[in-house]
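These notes are about the structure you will find just below.
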2 protein chains.
Amino acid sequence: MLEDIYMVTMKKIAELCGVSRGTVDRALNGRGRVNAETAAMIKKMAEQLGYEPNPAGKALAARKNHPVIGVLLPSEGNAFFDDVIHGMDRAAAAYAIYGLTVRYYPMKGYNVDKQLHLMEQMKGKVNALIISPIDDARIAKAIDDFVDAGIFVVTVVNDIKSSKRHCYVGSDYFNGGETACALLHALLGEQAKVGIVMGSRQVLGHRERLEGFEHRMKRLPGFSIVDVVENGDDEICSYERTKNLLDDHPDISAMFLLAAGVYGACRAIMQLPEGKRPVTIAFDSVPSTVEMMRQGIVKAILYQHPVRQGRMAINLAFEYLVNGRMPDKKNYIMKNEIRLLENL
Amino acid sequence: MLEDIYMVTMKKIAELCGVSRGTVDRALNGRGRVNAETAAMIKKMAEQLGYEPNPAGKALAARKNHPVIGVLLPSEGNAFFDDVIHGMDRAAAAYAIYGLTVRYYPMKGYNVDKQLHLMEQMKGKVNALIISPIDDARIAKAIDDFVDAGIFVVTVVNDIKSSKRHCYVGSDYFNGGETACALLHALLGEQAKVGIVMGSRQVLGHRERLEGFEHRMKRLPGFSIVDVVENGDDEICSYERTKNLLDDHPDISAMFLLAAGVYGACRAIMQLPEGKRPVTIAFDSVPSTVEMMRQGIVKAILYQHPVRQGRMAINLAFEYLVNGRMPDKKNYIMKNEIRLLENL
DNA sequence: TTGTATGCGTTATCAA
DNA sequence: TTGATAACGCATACAA
């Protein structure tokens with residue numbers, strides 16, 4: 001009987017220990033005001049019986065609490081986050097019955113001061129923080145302050161490993177780079193001259209993708225990276241830099257667009273005659289990229305389950321706030337999926 | 001305040017209607033023994049206030065009920081279902097606190113009489129049926145009997161559209177075929193002579209995959225199907241038929257393994273000299289197929305989220321049994337993902 | 001330091 | 001046909 005382990009209730013423990021339910025509650029939840037010996041005895045008993053608190057009971061009793069999750073994302077003008085937020089909204093709707101509220105703090109781009117400012121605003125207003133942090137020491141420090149103040153912190157999409165955040169939900173960027181390289185290998189065969197367009201070396205995920213790509217490439221002697229340009233996630237810049245890249249290196253046979261700015265880069269690629277265009281792959285199925293797949297410019301994309309990332313982040317915060325459950329892993333990593341136009 | 005709409009409880013409705021909570025319960029849950037007019041009034045009030053039952057309350061009260069989900073799968077000796085069952089187990093563990101039990105009825109292969117026999121055994125013992133049905137009129141009839149008896153029925157992995165099943169969880173097989181064809185196109189370019197190994201034309205999903213492949217191929221004049229062989233999901237048969245296929249058609253440049261028997265087919269392919277081997281793709285990342293990817297025989301697979309399929313099937317049954325919520329869709333379709341060795 | 005009473009929202013049982 | 005009451009598991013305010 002699988003469910004028998006859940007049949008262990010506080011009431012039962014109280015009976016077995018010959019104390020009241022209140023005492024059991026205080027002992028198990030460390031609320032103090034309880035004899036040290038009795039507490040030890042109760043804890044031991046709970047341990048032995050494999051007591052697990054019943055979430056439904058907790059939820060019911062906690063109706064007066066109205067925990068708030070604060071969500072801080074650089075989502076303005078970044079279509080990828082639309083899907084992340086969609087996942088969050090759906091999860092939030094499901095948990096509204098527990099009195100859970102989600103409050104969004106959107107920002108544009110990767111300005112450290114701006115992000116710090118928003119974090120300052122959130123202080124005292126949220127019981128959990130979901131953040132897509134900039135990879136910066138000051139941000140790490142600010143996150144640690146939240147954790148030290150007893151706030152539950154989840155990083156999503158981007159991570160800061162040096163911080164005390166409770167856990168991370170996102171993709172494996174290094175593996176994304178490896179997979180991209182293997183994909184180009186599968187598409188092109190043994191020989192390729194690759195042009196790479198990235199967002200910014202300031203962004204940890206972008207760097208890791210590049211490293212993953214290079215790492216996988218070591219096993220491919222016929223592969224070489226012609227050049228790597230940065231577009232700062234800006235479409236116009238992406239267009240210009242890609243145009244220059246293609247002009248300078250007419251021998252490029254593959255393009256790897258490892259971050260935003262896909263549309264701009266593709267516009268530059270489209271200027272080449274149809275037979276001369278490099279095989280192009282990109283990340284994420286945002287609308288403009290899908291359009292470029294329809295046009296035949298982008299051959300395949302790597303998909304990182306943005307909706308699930310959003311849902312999972314809310315999930316973890318919910319479990320902590322409402323059920324008092326710590327995440328059982330430090331990292332929740334989504335697979336990098338390969339998608340063609342056919343299986344978008 | 002988003003959560004205010006959920007603050008509508010049965011108690012509140014009872015007060016507003018000037019009746020007791022018991023009456024509200026009977027009216028809203030259609031348990032009978034209630035005056036038609038009062039029932040209508042209560043329902044209207046609940047509707048107006050946007051009443052949503054509180055799952056936590058339900059869970060607590062439903063501890064006395066022990067709903068049982070019966071799961072009938074042709075899982076014996078089929079590694080794909082291991083993942084499906086894993087997803088079910090995890091979901092079941094999460095719902096055990098609601099007193100939910102899952103009971104498995106495994107079978108081997110696609111014998112209609114055997115499946116009917118097991119369904120007969122389940123009668124009266126389960127409150128919901130999750131089944132991977134054989135595409136047969138007698139099975140459809142048996143499913144209808146369950147539905148008529150008030151049992152909630154979910155088809156998973158395989159479907160019978162002609163039955164009254166409440167909903168289907170699985171993949172889009174036609175799209176899987178299309179995607180496979182597009183993938184081979186991406187890997188091989190414009191020219192390909194394709195050999196196809198399938199399980200059985202008796203299996204709806206296999207037929208649909210083949211149709212999807214053929215449909216997508218219409219846009220590829222350089223593509224042709226050399227031959228289609230059936231292996232009955234048997235490794236030895238798969239090996240023999242594939243061997244004959246390759247012997248008869250030395251010009252084959254691509255192999256599409258659209259069902260089980262991947263290992264057997266690969267063993268036949270391995271007998272060809274390394275430079276002469278066709279580009280091979282297959283479905284599902286079962287261990288033996290993964291091994292064939294490591295060996296470099298299978299270049300890519302199509303992945304159909306088996307774990308999520310299992311989880312979702314349990315989910316739907318749970319929502320119905322415990323929360324009384326009908327599924328909001330008839331079909332829950334997983335994406336066909338493309339995976340290389342790198343992103344398995 | 002400990003016990004008791006009450007309430008959260010729903011359902012089931014029994015009495016009216 | 002209805003209403004009252006207890007119960008599910010947990011948390012908390014208050015009494016002892």
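These numbers come from a predicted model, not from an experiment. Chain A is the first sequence line, chain B the second, and so forth, proteins listed ahead of strands; every chain is numbered from 1.
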Kindly write out the residues that satisfy ring-ring contact (aromatic ring centres under 6.0 Å, His included) with His166(B), not counting sequence neighbours, or none if the list is empty.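 His166(B): ring-ring contact (aromatic ring centres under 6.0 Å, His included) contacts with Phe152(B).
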
Spacing of [X] atom [atom1] relative to [N] atom [atom2], expressed in whole Å:
X: Lys11(A); N: dA6(D); atom1: NZ; atom2: C1'; answer: 11 Å
X: Ile13(A); N: dG3(C); atom1: CD1; atom2: P; answer: 15 Å
X: Asn35(B); N: dG3(D); atom1: CG; atom2: P; answer: 11 Å
X: Asn54(A); N: dG9(D); atom1: CG; atom2: C1'; answer: 5 Å
X: Met10(A); N: dA11(D); atom1: CE; atom2: P; answer: 6 Å

State, to 0.1 Å, how close [X] and [Y] come at their nearest heavy-atom pair, and which atoms those are.
X: Ser171(A); Y: Gln309(A); answer: N-NE2, 4.1 Å
X: Val8(A); Y: Tyr51(A); answer: O-CD1, 3.2 Å
X: Asn29(A); Y: Arg31(A); answer: ND2-NH2, 3.0 Å

Using C1' atoms of five pairs at each end, report the bend of the helix from dT1(C)-dA16(D) to dA16(C)-dT1(D) rounded to 10 degrees.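 The angle separating the two end axes equals 50°.
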
Do Glu120(B) and Lys123(B) pass the salt bridge (charged side-chain N to carboxylate O under 4.0 Å, His left out) test, and can you show the C-alpha distance, the side-chain angles, and the key distance before you say yes or no? CA-CA 5 Å; Glu120(B) 200 56 44; Lys123(B) 270 199 179 132; 3.8 Å; yes

Residue [X], side-chain heavy atoms: nucleotide from [options] that is nearest:
X: Leu60(A); options: dG9(C), dG3(D), dT1(D); answer: dG9(C)
X: Ser20(A); options: dG3(C), dT11(C), dC8(C); answer: dG3(C)
X: Arg33(A); options: dC10(D), dG9(C), dT1(C); answer: dT1(C)

I want to confirm an ordering. Mapping Arg21(A) and Gly32(A) to their closest nucleotides on DNA chain C, which one lands closer to the 5' end? Gly32(A)

State the CG-CD1 distance between Leu73(A) and Ile85(A), to the nearest 0.5 angstrom. 5.5 Å

Name every residue in residues 23-31 of chain A that has at least one heavy atom under 4.0 Å from any atom of DNA chain D, in order of residue number, or write none if there are no such residues. Asp25(A), Asn29(A), Arg31(A)

Does [N] have its OP1 or OP2 closer than 4.0 Å to a side-chain nitrogen or oxygen of [X]?
X: Lys58(B); N: dG9(C); value: no
X: Lys12(B); N: dG9(C); value: no
X: Thr38(B); N: dT2(D); value: yes

Partner residues of Asn331(A) under the side chain to side chain contact (heavy atoms under 4.5 Å, CB included) criterion, sequence neighbours left out: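 Per chain and number, Asn331(A) pairs via side chain to side chain contact (heavy atoms under 4.5 Å, CB included) with Asp159(A), Arg165(A), Tyr168(A), Ile333(A).
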
Just jot down the salt bridge (Lys or Arg N to Asp or Glu O under 4.0 Å) partners of Lys141(B), sequence neighbours excluded, or say none.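 Applying salt bridge (Lys or Arg N to Asp or Glu O under 4.0 Å) to Lys141(B) gives Asp145(B).
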
Residues that Lys164(A) engages under salt bridge (Lys or Arg N to Asp or Glu O under 4.0 Å), provided they are two or more places apart: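 Partners of Lys164(A) by the salt bridge (Lys or Arg N to Asp or Glu O under 4.0 Å) criterion, ordered by chain and then number, come out as Asp148(A).
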
Of Gly57(B) and Val34(B), whose nearest nucleotide on DNA chain D comes first from the 5' end? Val34(B)

